[in-house]
Colleague: 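Dropping a structure here in structure tokens format, bear with me for questions.
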Amino acid sequence: VLSALPAEHYQRILTYLALPSLLILPLAGVMLGLLLKDIGQRQHTERDLQFSEARLRAIAGALPDLLMVLDEDGRYLEVIAPDPQLLRLPVGALLGKRLHEVLALSQAESLLAFVRLTLSSNAPQVTEYRMQTLAGLRLFEAHARRLDVTLEGRAAVVMIIRDITERSLAEEELRIAAIAFETQQGMFITDASSHILRVNQAFCRITGYQPDDVIGQHTRLLSSGQQGAEFYRQMWQSIHQHGSWQGEIWNRRKSGEVFPAWLSISAVRATDGRVSHYVASLSDISERKEAEQQIRHLAFYDPLTGLPNRRLLLDRLQQAMAHSAQSGQYAALMFLDLDNFKNINDLYGHQAGDQLLLQAAGRLSALVRSSEAVARLGGDEFVLMLEQLGGQADQAASRAEQLGGQILHSLSQPYSLLGQPLHSSVSIGVVLFLGNHESVDELFKRADLSMYEAKHAGKNALRFFDPQMQAVVSTRLRLQEEMRQGLREGHFILHYQAQVEEGCGVVGAEALLRWQHPQQGLLGPAAFIPLAERSGLIQALDGLVLRQACLQLARWQAQGGALARLSLAVNLSAVMLYQPGFVEDLQALLEETGAAAQLLKLEITESLLLDDMAAASQRMNALRQMGIRFSIDDFGTGYSSMAYLQKLPLDQLKIDQSFIRELPGNPSSLAIVRATCAMAQSLGLQVIAEGVETPAQRQVLLDSG
């Protein structure tokens, strides 16, 4: 190239470039050679790495086990699964996720702790765990080892996970086989969750169930319902503490027949100490119990009415006095004497008198919680023993008086004797007692004296032994009658408490019932609602409030403007919600008054929902379809169960004023308010605070959302 230049240029360029070229070109050649050699070595290394990686992947793919790589935060970095059904999610859905995003909280925490234990140890670690997979619930054994290098800047472990479900089942079968099974006693084996796995022939003979009927079923299939929750709690407590339990229990055969049994339960534990099975033996003790019952009945029960006699009553009264002393709750003894019984006996004979006693005993038994609470002393005298009446004397007297009123009404109804109706009544004497300060004889004497006071008052009456308590009952009866009169004459009126939203002003109101008493003036609900609930007047009050509220809504709508948009909240009692036909009656009331259902809000309490969650949900959903909204009143003061927040068609949580009153100075109240707001926001519910009376309270609530 240079030679093509003119001679003078060629000579000059050659003079300047010759020496540098001679110096540079050899060095450049050497560097080029070294570079080519380095490229060759790198290509060789990359081929080796690719071969090594392919070999490792082939080995991992040939393993029947799962292979996972997790970092120190529990994030899935690598998942190789020969059987994808053994995973919780498909492989693609797992990669990049953390354990807490895939598993339940407790299981995620356990596996994360295992990962961190592996990272802190130089030795491999082993653990077992159960997990719900795409193939169902499986048991796994995991072997883990720390990686010597970091991945993406984090320490990591590699885990080889083997499905040992079948192996575990085989081991459990060996342990089960070690226990004698086929005996003359009924035997059944359950898993740790009390689901029946195996039964013997004696079990089938005793219960009437065949193996196909019960295998896979929970043991509650045998439950008769005659034992309460406390019985089973004590039984399982014994099993957990001692590994076994035995005792009498009432079970139910396939035919529905209830029978007494002697039951023994033993826990079977796995090698790690975990309970894997329960083995139970069952014996039918019906014949023995029948013999015992006949002897007991002859000794402790009245042969005519079948009620407990004086002997059994005295024993139960002693127990009631001891229980009252322990619990601090009042109990009561009620003496009942049929009015004019001697006349019926004399006029119609002893056969008619016996029929009257039988019918009276039946009516009494139907009114109390258990027939054993009623006893016949002899002749026409009966005794009722009431327990757990509360820790306050006036509360106990109220409950006794309420039951006494029901007895007076029931026993004054006509009796059918010898084909013709006859009338009778009863006189009742009541004595309250707390603990065992008085003797049994003293209690009997006081109850008897008060019963005679009822006789002297004209019969068909109830009297308390304590004159002061009698005055309380008389006052309550008078107030109850005044309440009935107030309902008839329109003394119950509604006041309206404004409901305010920041930036919107008044958006609605809550209807508050007041009693304009002719003598005592304006009374709040605390003065009459408890009495209305005890006397059965609460339904009438609820109906009155709903009607007045709907009429008010209709008046606001007719006035138009801002008033037409106001909602109205009304408290609803359990009696009203569970009343048959309530949904239809409320719909008819809305149509009659012209009130918009969308502006009516029903406030219900948490305790109301515990009576019958299914029935409450059904009625509330029917009302919700009409447009009516629901608010939980006094939220946080009851059971605060998450179940009804999830299942019921709720719109609003109402924070009780007991928490608002403590703001802003009480940290506990503030924490409850903030937690309620956060939970409601996540569930899409509104929150309203009751009783906001200071700017500081309002500001704290606004800051809490």
Side-chain angles (χ1 to χ4, degrees), residues 100 104-106 496-512 524-526 529 549 566-574 576-577 598-614 616-617 619-621 623-624 627-705:
H100 289 74
L105 178 61
S106 59
Y496 300 96
Q497 182 180 34
Q499 295 184 339
V500 182
E501 182 173 349
E502 183 73 6
C504 301
V506 176
V507 295
E510 178 184 0
L512 305 177
I529 291 297
L566 294 182
S567 64
L568 191 54
V570 178
N571 287 282
L572 191 66
S573 69
M576 200 69 171
L577 179 64
Q598 294 78 7
L599 298 177
L600 180 62
K601 186 191 306 175
L602 298 181
E603 293 191 357
I604 55 180
T605 60
E606 299 175 63
S607 57
L608 178 150
L609 301 171
L610 299 177
D611 294 337
D612 189 344
M613 175 76 78
S617 176
R619 285 168 169 78
M620 291 172 65
N621 279 301
L623 294 169
R624 182 68 177 274
I628 295 173
R629 295 177 294 160
F630 290 93
S631 175
I632 289 291
D633 196 13
D634 302 336
F635 182 78
T637 62
Y639 294 87
S640 299
S641 169
M642 298 301 103
Y644 65 73
L645 293 181
Q646 182 182 15
K647 296 178 181 179
L648 298 179
L650 300 174
D651 302 277
Q652 187 181 76
L653 303 182
K654 186 176 182 183
I655 304 176
D656 186 70
Q657 60 179 328
S658 62
F659 300 115
I660 307 303
R661 190 182 301 117
E662 301 294 333
L663 296 179
N666 189 316
S668 298
S669 295
L670 182 59
I672 291 173
V673 169
R674 289 176 174 172
T676 302
C677 292
M679 179 179 59
Q681 183 178 7
S682 65
L683 294 174
L685 301 177
Q686 296 178 344
V687 181
I688 187 168
E690 185 180 42
V692 184
E693 297 182 354
T694 69
Q697 292 171 348
R698 180 186 64 182
Q699 191 58 46
V700 167
L701 291 169
L702 292 177
D703 294 341
S704 301

Colleague: Measure the OG-CG distance between S631 and L572 for me, rounded to the nearest 0.5 Å.
Modeller: 12.0 Å
Colleague: Is a donor on one side and an acceptor on the other found under 3.5 Å between the side chain of D633 and the backbone of I604?
Modeller: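 Checked: no pair found.
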Colleague: To the nearest 0.5 angstrom, please state how far the CZ atom of F630 sits from the CG atom of N621.
Modeller: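 Answer for the CZ-CG pair, F630 versus N621, is 8.5 Å.
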Colleague: Return yes if some donor-acceptor pair links the side-chain N/O of R629 with the main-chain N/O of L600 below 3.5 Å, else return no.
Modeller: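 Not at all, since once roles are kept as given, no pair shorter than 3.5 Å links the two residues.
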Colleague: Look at the side chain of R624 and the backbone N and O of P649, then say whether any donor-acceptor pair between them is shorter than 3.5 Å.
Modeller: yes
Colleague: Counting C-beta onward and ignoring hydrogens, is there a side-chain heavy-atom pair between V500 and V507 closer than 4.5 Å?
Modeller: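 No, their side chains stay 4.5 Å or more apart.
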Colleague: Has R674 got more than 12 heavy atoms of other residues, nucleotides or ligands less than 6.0 Å from its CZ?
Modeller: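 Not more than 12 within 6.0 Å, no.
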Colleague: Report yes if the side chains of E690 and I688 come closer than 4.5 Å at any heavy-atom pair, otherwise no.
Modeller: no
Colleague: Treating Q697 as the side-chain partner and E693 as the backbone partner, does any N or O pair qualify as donor plus acceptor under 3.5 Å?
Modeller: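 Pair found, side chain donor or acceptor close to backbone of E693.
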Colleague: Determine whether L650 and M620 make a side-chain contact, defined as any pair of heavy atoms from C-beta on separated by less than 4.5 Å.
Modeller: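 Yes. Closest side-chain heavy atoms under 4.5 Å.
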Colleague: Which pair of heavy atoms, one from A511 and one from V570, lies closest together, and at what distance?
Modeller: CB-CG2, 4.3 Å
Colleague: Ignoring hydrogens and geometry, is there a side-chain-to-backbone donor-acceptor pair from Q699 to A696 under 3.5 Å?
Modeller: no
Colleague: If only side-chain N and O atoms count, and only distance matters, is there a donor-acceptor pair under 3.5 Å linking S669 with E662?
Modeller: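 Their side chains do not contain a donor-acceptor pair, so the 3.5 Å distance test is not met.
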Colleague: Compare all side-chain heavy atoms of T676 with those of V673 and state whether any distance is below 4.5 angstrom.
Modeller: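 No, every pair of side-chain atoms sits at 4.5 Å or beyond.
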Colleague: Do other residues, nucleotides or ligands put more than 12 heavy atoms under 6.0 Å from Q598 CD?
Modeller: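 Yes.
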Colleague: I'd like to check H100 versus L105 (side-chain heavy atoms, cut-off strictly below 4.5 Å). Are they in contact?
Modeller: yes
Colleague: Quick check for you: to the nearest 0.5 Å, what is the distance between I655 atom CD1 and I672 atom CD1?
Modeller: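 Reported to 0.5 Å precision, the distance equals 9.5 Å.
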Colleague: Check whether any side-chain heavy atom of C677 sits under 4.5 Å from a side-chain heavy atom of L701, and report yes or no.
Modeller: no
